[in-house]
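A quick write-up on the structure given underneath.
Labels below follow one simple rule: chain letters A, B, ... track the order of the sequence lines, proteins then strands, and each chain is numbered from 1.
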Protein chains: 2
Amino acid sequence: MDETMVAQVRRFNRVVTQQVGALNDRFLARDRPLGESRLLWEIGEGRDVRSLRAALGLDSGYVSRLLRSLEAAGLVTTQRGAADRRVTLARLTGDGRAERDLLDERSDALAAELLETLPHRQRERLVAAMADVERLLTAATVRFAVTDPDDPVAQHCLRAYAAELDVRFDGGFSLDRGIRADAADLRPPNGLLLVATLHATPVGCGGLLFHDAGPAHLKRMWVDESARGLGLGRRLLEELERQAAEHGAPAVRLETNAALTEAIALYRSAGYTEVPAFNAELYAHHWFEKVLPPWE
Amino acid sequence: MDETMVAQVRRFNRVVTQQVGALNDRFLARDRPLGESRLLWEIGEGRDVRSLRAALGLDSGYVSRLLRSLEAAGLVTTQRGAADRRVTLARLTGDGRAERDLLDERSDALAAELLETLPHRQRERLVAAMADVERLLTAATVRFAVTDPDDPVAQHCLRAYAAELDVRFDGGFSLDRGIRADAADLRPPNGLLLVATLHATPVGCGGLLFHDAGPAHLKRMWVDESARGLGLGRRLLEELERQAAEHGAPAVRLETNAALTEAIALYRSAGYTEVPAFNAELYAHHWFEKVLPPWE
DNA sequence: TCCATTCTCTGACTCTAGTCAGACGACTTG
DNA sequence: CAAGTCGTCTGACTAGAGTCAGAGAATGGA
C-alpha cells in the first residue's frame, strides 16, 4: 500500500474526527446523554426495539433503560407488538418528534455554520469532495459473501432483481418464465450466489451456474438503486469471475436484455465480447462471453 | 445556505463518524483508556505537562492522574524542570516509545485496510477527495481576530513575516529599514493587526494603517507556509478591506516586492490596480490601490 | 403438551472521563 | 522578605456508557 496514501487517510481521519466528530456528538446531545439522542433519532416513525438494538449495536438491558428514560421524559411511548407480544414497539410522542426535529435543525445549523466560514468557490469544492468521500467510504464498507439463496438477505436481492427487470423490460419479467435458476441451482456444487451487503442491508448480488468443465453461466446480476455509481457492479463481476476461475471454469457466459444498457456497457468494458446466442433465453437480446485466465 | 449542500455535509458527517470515528477511537485505544493513549501520543519526544494540558484541553488533576497511571505502567517518566522546578517534564520510556510506535502501526494498518477494499481507480479518487476535505475543513476552522501587536501570537506572525521576506527578497529584509510600522501604528486608533489562527497557532496576519480620511495602508501580509493554498490570503485581504471600509477609508493602498509573485497575483485578482509609487519604500517594486465601495 | 428459544426487563456492577476544591511547594515581584 | 501567582497533586465527587447474569413472559416446534 502506498505510504503517502496511508498518510493522507490518517491526516484526514485526524482532522475530520476533531472537527466533525467532536462537534457532532457533543453538540447534538444537548442536555441529554448521547445514547438517548441516538435512540431518539433511530426510532424515527416507530420501530421495534429488537431492530433498534441491532442498528445501534447495543446491549438489550442498556436499550431498555434508555427507553425507560425517554419514556419518563415523555418523548417516547412503547407498546407490545400485536402479532408477537414479546416484541416492544417504540414510537415517538409529539414531544419526541419535536425534539427530534430540533436535533435535525441543530444538525443543519452546524453544517451551515461550517460552510459559511468558507468563501463560495471553496465551499463548493468542499461539498463536492465530501460527496466523493462519502460515496467511496460507503463503497469501501460493502462486503461480499457467498450466501445461500434461501437466506432472507438473498431472497431480498432476488425479489428486487425480478422487480426491477419487470419494470425495465418491455413486456415485463417473471422469474418463472425464461431459463430458470432456482435456489438449488445457485447453491454449491451446482452454482453459487454472491451477495453484497452494506452494514447488514443487501445492496447487490450475482449468481453463477457451473457446468462441469464448461463455461460458468452468470445470472441474477443486480445492484440496488441506492448503491449505483460506486463501482459495485464491477466488483461483483470481478469477484464472480474469480469464483468461476476457482471452480475451474474456462470462461464466463451470460445473456442480457437490450434494456439493461449500463450492464451491457459494464460487460464490454470488463472484457466481455458479444457471441452468437448460446441458448434460447426468452428475455435475452445479447449474449456475451469472457475467457478467464487459468486459475493457479 | 443551499439546502442540498447542508444535506451533503450531514450525510458526510454521518458516514464519516460511523466509519472513521468509531474505528479510530476505540480501535486505537487498545486495552488502554483513550485518554491515556492520546496523552502518550502527545508527549512525543518529551514535553512539559503544562503544554500537554493546553494541547488536549484537560483538567490539571485529570492529566496528573493519567500520567501517574502511565508511569505505573512503565511507559512514561516524569521529572521536575531544571529552570523552573514547578513544571513537570514528561518523557516516554523505551516501552512508551514502543507503545506509541505500535499505535502508529495500527493507525497505518487501519488506513491501509480501508483503502484495500477499493479497486485502484476509486482508491485514488478517495484519497484525492480526502485531501480536499482535509484542507478545506482546516481552512474552515481558521479564525480571524484583531489582535494587539504585542500579543505573543501577533509577535510570532510579525517575526515569521520578517524572516520570510529576509529569505525571499534579493538582498534580505529588516523590519528596521524601509517604512516602519511599529506596534503603536498597528493598534487602534492608528491602525490594526488582523491575525488568523488555526486552533491556537497563528497561520497568517495582515496589518492596516489608517490615515484619517485617506486610503488605508496595507502592511505585513503573511500566510504561514503550512497554510497556503487554503484561500487564506484572500480571506485576510477581504477582511482587511472590510475593516478599512468600516473605518471610513475610501481605498486600500499597498506596496510590494517583485519577489512576492503570488501576493501580486492575489492583489490583481482581488481588483487592485497598479498605481505610480505613492511612497519611497525601499523594498517595493510595485504599488497597488483598490477603491472600496462605501461602507453603510 | 412441553421444552427450548426469543425478547425484554431488572439489579448489580464496572470503567472512562471528567469536575471541583483545596493543599503545597516553587517562583516572582513590589 | 512577604504576598501573590503558578504548576501540580490529592481527595471526593458525578455522569455517561456499558456489561453481565438472571427472571419471566410469549412463542414455536417436536
Notebook entry, point to check: Using a cut-off of less than 4.0 Å, is there contact between a side-chain N or O of B:Arg53 and OP1 or OP2 of D:dT8?
Noted result: yes
Checklist line | Phosphate contact (C:dC9 OP1 or OP2) by A:Arg68 side-chain N/O below 4.0 Å | finding: yes
Does one side chain, of [X] or [Y], offer a donor that lies under 3.5 Å from an acceptor on the other?
{"X": "A:Asp104", "Y": "A:Ser107", "result": "no"}
{"X": "B:Arg65", "Y": "B:Ser69", "result": "no"}
{"X": "A:Thr93", "Y": "A:Arg97", "result": "no"}

Could you go through nucleotides 19-22 of chain D and list every protein N or O atom that sits under 3.5 Å from one of its N or O atoms, giving the distance for each pair?
none

Could you list, one pair per line, each protein nitrogen or oxygen that sits under 3.5 Å from a nitrogen or oxygen of nucleotides 27-30 of chain D, together with the distance?
residue	atom	partner	partner atom	Å
D:dT27	OP1	A:Arg85	N	2.7

Notebook entry, point to check: Which part of the nucleic acid does A:Val49 contact within heavy-atom distance under 4.0 Å: base, sugar-phosphate only, or nothing?
Noted result: sugar-phosphate
[X] [atom1] - [N] [atom2] separation (whole Å):
{"X": "A:Glu71", "N": "C:dC9", "atom1": "CD", "atom2": "C1'", "answer": "12 Å"}
{"X": "B:Arg50", "N": "D:dT8", "atom1": "CZ", "atom2": "P", "answer": "7 Å"}
{"X": "A:Leu34", "N": "C:dG18", "atom1": "CG", "atom2": "C1'", "answer": "16 Å"}

Check: Tell me, do A:Leu58 and A:Arg38 make a side-chain contact under 4.5 Å, heavy atoms counted?
Finding: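 With C-beta onward as the side chain, the pair touches.
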Notebook entry, point to check: Below 4.5 Å, heavy atoms only, C-beta onward: do B:Leu186 and B:Leu192 meet side chain to side chain?
Noted result: no
Check: Would you find a donor on one side and an acceptor on the other, under 3.5 Å apart, between the side chain of A:Thr138 and the backbone of A:Glu134?
Finding: yes
Notebook entry, point to check: Is any side-chain N of the basic residue among A:Glu105 and A:Arg100 closer than 4.0 Å to the acidic one's carboxylate O?
Noted result: no
Item checked: Chi angles and distances behind the side chain to side chain donor-acceptor pair (under 3.5 Å) call for B:Thr88, B:Gln79 -> CA-CA 6 Å; B:Thr88 306; B:Gln79 73 189 88; over 6 Å; no
